[in-house]
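What follows is a short report on a single structure.
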Amino acid sequence: MAYWDENLLQGPPPADPFPQVVGITVHLTFARRAFALAAWYRERGAAIVLGGLHVLSCPADCAPHADALAIGEGVHLWGRILRDADAGKLAPRYEGATAIRPIATIPHRAATSFRVDSS
């Protein structure tokens with residue numbers, strides 16, 4: 001297993017040895033780049049797993065670019081994802097715990113006013 005982070009300017013994406021599974025963290029501001037990397041690896045035979053905040057908030061936008069989505073805390077999902085990939089049974093979606101709750105589940109609170117001291 002190897003870790004590569006494009007944001008740390010670690011050179012071109014790893015290709016030797018070529019990975020069987022590639023996990024990419026997707027954030028909205030870099031989604032196009034993440035999808036381009038996913039396409040590059042996928043065209044060459046790697047299984048693509050996408051995770052991150054953009055996947056959590058917009059899974060339908062990310063699904064066409066991946067073989068599997070990791071939704072929620074990826075640390076808890078990777079063992080299962082890699083075991084499934086090794087067995088050739090990668091699921092389209094893996095869901096783990098998340099601290100983010102859908103807005104509809106957050107109880108409504110009356111607005112609170114604050115006094116600002118301008119002194």
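Every value quoted in this text rests on a predicted model; they were computed, and no experiment measured them.
Taken from NE2 in His76 to CD1 in Ile81, the straight-line distance is 12.5 Å, to the nearest 0.5 Å. Rounding to the nearest 0.5 Å gives a distance of 12.5 Å between CZ of Arg83 and CG of Leu90. Rounded to the nearest 0.5 Å, atoms CD (Glu73) and CD (Glu95) are 14.0 Å apart.
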*asked:* Under the criterion side-chain contact (heavy atoms from CB on, under 4.5 Å), I'd like the reasoning laid out for His65 against Leu50: C-alpha separation, chi angles, the key distance, then a yes or no.
replied: CA-CA 8 Å; His65 305 280; Leu50 298 180; 3.9 Å; yes
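Two different hydrophobic clusters hold Ile24 and Leu28 under the rule that ILVMFWY side chains link at heavy-atom gaps under 4.5 Å.
Contact of the His54 side chain with the Asp61 side chain is registered, since non-hydrogen atoms from C-beta on lie closer than 4.5 Å. Between Asp67 and Pro92 there is no side-chain heavy-atom pair separated by less than 4.5 Å. Residues Val49 and Leu69 are not in side-chain contact: their nearest non-hydrogen atoms beyond the backbone lie 4.5 Å or more apart. You'll find the side chain of Cys62 reaches within 4.5 Å of the side chain of Phe35, heavy atoms only. Between Trp78 and Tyr94, the closest side-chain pair of non-hydrogen atoms is not below 4.5 Å.
Summarising the geometry of Ala91 relative to Ala68, their closest heavy-atom pair is O-CB, 3.1 Å, with the distance given to 0.1 Å. Nearest heavy-atom pair across Gly52 and Thr25 is CA-CG2, 4.0 Å. Summarising the geometry of Gly72 relative to Leu56, their closest heavy-atom pair is N-CD1, 4.3 Å, with the distance given to 0.1 Å. Counting all heavy atoms, side chain and backbone alike, Val22 lies closest to Ala46 at CG2-CB, 3.9 Å.
Using a distance-only test at 3.5 Å, with no hydrogens or angles considered, no donor-acceptor pair links the side chain of Arg93 to the main chain of Ala70.
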